[in-house]
Amino acid sequence: MDHKKIEEKWQNYWYSNNLFKAEDFSSKPKYYCLIEFPYPSGAGMHVGHVRAFSGLEVVSRKRRMEGYNVLFPIGFDAFGLPTENFAIKNNIHPRIVTDNNVSNFKKQLKKCGFSFDFDRAVDTTQESYYHWTQFIFLHLYNKGLAYRSHTYVNYCPTCKVVLSNEESQGGVCDRCGSDVIQKEKDVWFLRITKYAQDLLDGLKGLNASDRIKIEQENWIGRSEGAFIDFKLKQKDDKFTVFTTRPDTLFGAMFMVIAPEHPLIEKYASSITNIDEVNKYKEAATHKTEFERVQLQKDKTGVKLEGISAINPVNGRELPIYISDYVMMGYGTGAIMAVPAHDTRDYAFAKKFNIPMMEVIEGGDITKEAYTDIENGILVNSDFLNGLSVKEAKAKMIEFLVEKGLGDKAVNYKMKDWAFNRQRYWGEPIPIIYCPNCGTVPVPYEDLPVRLPNIKNFEPGENGESPLASLKEFYECTCPKCGAKARRETDTMPQWAGSSWYFLRYCDPNNDHAIADYEKMKYWLPVDWYNGGMEHVTRHLIYSRFWNEFLYDEGLVPVKEPYKKRTAQGLILGPDGEKMSKSKGNVIDPLDVVDEYGADVLRCYILFISDYEMATPWNSDAIKGCARFLDKVEALSSKVNVNDNEYTKDLKVLINNTIKEVSEDIESSKFNTGISKLMILTNAFTERESISLKDYETLLKLLNPYCPHMAEELWHNYHEETIQFAEYPKYDPASLLSDTVTVVVSVNGKLRDKMEVERDLADDVIKEKALSLDKIKPYTLNGVKKVIVIKNKLVNIVV
RNA sequence: GCGGGUAUGGCGGAACUGGUAGACGCGCAAGAUUUAGGAUCUUGUACUGAGAGGUGUGCAGGUUCAAGUCCUGUUACCCGCACCA
């Protein structure tokens with residue numbers, strides 16, 4: 001069959017008749033399938049996209065056949081650096097680049113026959129969309145969840161842009177690979193940490209693999225412990241540490257504070273070696289994160305001469321050090337060091353010759369720190385002596401609270417979200433700086449703050465946004481007092497637009513709200529969300545944060561936006577390496593569509609392996625899927641159109657296939673689903689003729705995977721489309737065959753098989769097994785025991 | 001370092017609560033058809049042995065009538081986090 005002809009024919013039919021339109025408030029049950037919307041790069045669609053979309057494509061088509069009103073939308077996450085860099089390099093405006101890429105991407109998606117509701121397509125770079133991204137920012141600002149703070153940030157000198165920790169992992173820029181440096185900047189933050197606990201709690205109801213949940217949990221990084229106050233010996237003042245091991249307080253031998261800790265400045269005049277301290281501090285601030293990590297094992301630091309702390313439980317005087325192994329950004333930026341029971345403190349103590357004291361029995365602290373919290377008994381610890389670590393923790397916290405020395409505490413690794421970029425191609429942050437009123441939010445009615453159409457969008461020197469040199473943009477009047485004011489010229493990071501797009505799909509053209517509340521109430525939550533493993537932390541957490549916030553604002557109807565989340569595995573190049581242009585191992589899915597057709601591409605990409613596993617592409621193996629579809633087509637000549645019942649001896653196989661193919665789709669085991677369709681097809685092929693009902697069942701089961709072929713063949717017998725034909729149901733009574741193969745083994749080794757009636761009594765089976773010719777020789781010296789597993793096996797122990 | 005995952009034929013990969021290891025597909029071999037090539041069809045295909053049989057799921061143990069599956073230890077690779085107190 002000419003795949004090009006039939007694919008074009010049915011794609012035209014589906015799209016021009018709007019078959020995949022999701023209907024608001026339909027009385028059918030709703031089902032919302034969401035795939036992570038793509039970034040429309042110039043390279044177009046990648047095989048990775050095809051895999052990511054094909055999974056829920058199958059689910060969507062199945063749901064329609066099951067009578068659901070399906071929302072399966074598509075959109076484009078189109079702001080961002082690659083487009084801007086391409087635009088700069090080729091001197092084409094990012095608007096034009098984006099529009100071209102989006103329209104090309106849509107064309108490619110349609111060539112694959114994906115059943116998206118294209119009418120709901122969103123584009124984060126359109127005014128009508130970013131209006132509401134800015135609207136959400138204003139809500140965050142007005143609730144104190146967006147704030148400006150002076151801090152050191154990761155900065156890429158090549159891209160001239162501030163990077164988040166995630167974008168600068170390993171000390172190199174995510175985008176260009178240059179070394180990241182630390183730069184002092186005024187930065188916008190979103191207070192995501194306020195939602196840390198909610199984000200953690202919300203995971204409980206999420207249907208996702210442990211891998212996905214644990215990764216989010218680790219990213220949030222909750223730990224329980226205590227805040228403990230330490231008095232300074234020389235001053236009437238104190239400072240607080242966070243520790244997860246309050247039980248070891250008696251073993252605290254020194255204190256360590258981060259180089260940025262305010263205590264240093266506060267008591268600079270009392271610190272006799274302040275020059276040395278400042279020198280260390282200076283060096284530390286200019287180290288990149290990368291260098292800090294590299295130097296992990298080699299602890300450095302300086303002792304503060306002239307001030308020291310007092311251990312609140314035993315009065316011991318504790319020297320205070322500054323060291324860059326303590327981070328200002330975690331806990332309180334200060335720790336109590338217990339060298340006997342913490343590996344980092346141990347290394348530091350060894351290097352600086354600080355004595356240590358064992359407070360938990362069970363290890364050998366002359367060799368290494370003893371950190372086991374499950375075993376070990378407290379010693380040298382006064383009222384904690386003899387207790388387990390767990391008991392000692394509780395007792396110590398009780399003691400601290402009673403004496404007013406500290407309190408139980410919870411701490412999170414997650415940090416507030418740095419939310420601005422000095423770039424052109426992003427949403428302008430809707431803030432105005434007024435000489436009289438200070439920072440003033442743009443009034444809601446003045447939104448959107450339009451991204452001006454400029455010619456020179458190269459970043460300014462010193463990492464300033466290109467908008468900072470555009471008078472028409474930044475000159476404005478204060479909405480409060482009318483004075484001449486200056487507009488914020490930074491834009492939002494790429495994560496902004498993607499943090500709420502799933503809401504917009506419910507009502508993509510609304511121009512007075514992010515989406516109509518009732519429509520969101522109808523569609524939300526997302527029933528099944530699929531995307532990349534790499535977005536399980538950042539994007540998933542950011543978008544859940546925004547949704548939870550908007551829920552608290554009364555703007556969205558559900559607290560948790562996603563019910564179920566899956567993550568497809570990577571498709572590697574034929575060489576087993578990650579696909580990349582430089583390695584020359586990139587497979588273009590459109591080439592495959594051209595040669596074999598969209599059905600074959602979709603089928604192969606799902607058949608290739610377990611959906612969540614990384615797997616190499618194999619260009620030869622595609623043929624197997626092409627042959628499979630040829631066989632399905634060839635069957636049409638065997639169909640007895642007058643027979644509308646299942647062929648009798650195919651009944652069991654067909655019913656099992658319906659059950660298993662359906663279940664495999666629900667558990668995203670698309671590969672085994674296809675293999676079962678192949679088995680059914682092979683069984684049909686072996687026969688002289690099959691009934692119309694047999695064949696139609698196969699076509700219906702095939703439709704979610706290979707809809708063009710299914711549709712084409714279906715129309716040999718029907719006027720109307722197969723897309724809403726009822727999905728086959730199995731008859732539970734027809735799943736079991738009358739006879740079963742029972743395996744007979746001796747001492748666990750397979751010796752023979754026998755075909756017997758189903759559900760024979762154990763005694764009868766045993767009898768039969770023992771009388772088999774192949775078995776007899778083994779039982780000459782007597783039988784110890786016989787184990788019978790009904791309908792499965794007999795094991796004879798001799 | 002911590003957390004998660006993976007390891008099964010020549011290859012991609014199947015195997016539900018322990019119960020026929022290798023489904024399905026690729027490749028390969030032989031045969032049929034064909035002027036040839038390609039395509040298609042049939043049969044075979046874990047390893048080993050002439051054979052009955054023996055051996056096999058990274059490695060070493062263990063539990064069990066029975067282990068790819070459970071337990072203990074160990075190795076390699078992949079992903080994530082990373083001086084998180």
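Letters A, B, ... are given to chains in the order of the sequence lines, protein chains preceding strands, and every chain is numbered from 1. Bear in mind the structure is a predicted one, so any value in this text is a computation, not a measurement. Reckoned from all heavy atoms, side chains included, excluding hydrogens, waters and symmetry mates.
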Please classify the nucleic acid contact of A:Lys623 as base, sugar-phosphate, or nothing, using heavy-atom distances under 4.0 Å.
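The answer is sugar-phosphate, as A:Lys623 gets under 4.0 Å only of primed atoms, P, OP1 or OP2.
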Check every strand shown and say whether A:Thr332 touches a base, only sugar-phosphate, or nothing at a heavy-atom separation below 4.0 Å.
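Here A:Thr332 touches no strand at all.
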Pairwise [atom1] distance for [N] and [M], with rounding to whole Å:
{"N": "B:G18", "M": "B:U55", "atom1": "P", "value": "25 Å"}
{"N": "B:U6", "M": "B:G56", "atom1": "P", "value": "24 Å"}
{"N": "B:A46", "M": "B:G25", "atom1": "P", "value": "15 Å"}
{"N": "B:A23", "M": "B:C71", "atom1": "C1'", "value": "29 Å"}

For a stem of at least 3 consecutive Watson-Crick or G-U pairs with distances under 3.5 Å, i pairing with j, i+1 with j-1 and so on, which stems involve RNA chain B?
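As far as RNA chain B goes, consecutive pairing (with distances under 3.5 Å) yields the stems B:1-7 with B:75-81, B:10-12 with B:24-26, B:27-32 with B:40-45, B:46-48 with B:53-55, B:58-62 with B:70-74.
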Residues pairing under salt bridge (charged side-chain N to carboxylate O under 4.0 Å, His left out) where one sits in residues 613-636 of chain A, two or more places apart or in two chains, turn out to be none
Sort me out a list of protein N/O and nucleotides 47-54 of chain B N/O pairs below 3.5 Å, or just none if empty.
residue: B:G54; atom: OP1; partner: A:Arg751; partner atom: NH2; Å: 3.4
residue: B:G54; atom: OP2; partner: A:Arg751; partner atom: NH1; Å: 3.2

Going through the checks in order, is the side chain to side chain contact (heavy atoms under 4.5 Å, CB included) test met by A:Asn585 and A:Trp617?
CA-CA 10 Å; A:Asn585 59 355; A:Trp617 181 269; over 6 Å; no
Thinking salt bridges, do A:Asp610 and A:Lys669 make one under a 4.0 Å N-O criterion?
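Judged by the 4.0 Å cut-off on N to carboxylate O distance, A:Asp610 and A:Lys669 do form a salt bridge.
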Can you tell whether the side chains of A:Glu663 and A:Lys659 come within less than 4.0 Å, N to carboxylate O?
yes
Does A:Phe670 have its ring centroid less than 6.0 Å away from the ring centroid of A:Phe607?
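No: the rings miss the under 6.0 Å criterion.
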Neighbours of RNA chain B within residues 678-687 of chain A, by heavy-atom distance under 4.0 Å
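A:Met678, A:Ile679, A:Asn682, in order of number.
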Under 4.0 Å from any atom of RNA chain B, heavy atoms only: list the residues of residues 788-798 of chain A that qualify, in numerical order.
A:Ile789, A:Lys792, A:Leu793, A:Asn795, A:Val797
All N/O contacts under 3.5 Å from nucleotides 73-77 of chain B to the protein, with atom names and distances to one decimal?
none

May I ask you to check whether A:Tyr370 and A:Asp342 show a side-chain donor-acceptor distance below 3.5 Å?
no
Excluding sequence neighbours, so at least two apart, what forms ring-ring contact (aromatic ring centres under 6.0 Å, His included) with A:Phe684?
none
With A:Asp664, which residues qualify under salt bridge (charged side-chain N to carboxylate O under 4.0 Å, His left out), at least two apart?
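A:Lys676.
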Sequence neighbours excluded, the answer for salt bridge (charged side-chain N to carboxylate O under 4.0 Å, His left out) partners of A:Lys204 is A:Asp201
Donor-acceptor pair under 3.5 Å, A:Lys299 side chain vs B:C83 base:
yes
Taking side-chain contact (heavy atoms from CB on, under 4.5 Å) as the test, write out the residues that go with A:Asp591, two or more places apart.
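Listed in chain order: A:Asp588.
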Please set out all donor-acceptor pairs under 3.5 angstrom arising from side-chain atoms of residues 248-256 of chain A, sequence neighbours excluded.
residue: A:Thr248; atom: OG1; partner: A:Arg245; partner atom: O; Å: 2.8

When you compare the protein's N or O atoms with those of nucleotides 6-13 of chain B, which come within less than 3.5 Å of each other, and at what distance?
residue: B:G12; atom: O3'; partner: A:Thr615; partner atom: OG1; Å: 3.0
residue: B:G12; atom: O2'; partner: A:Ile608; partner atom: O; Å: 2.7
residue: B:G13; atom: OP1; partner: A:Thr615; partner atom: OG1; Å: 2.6

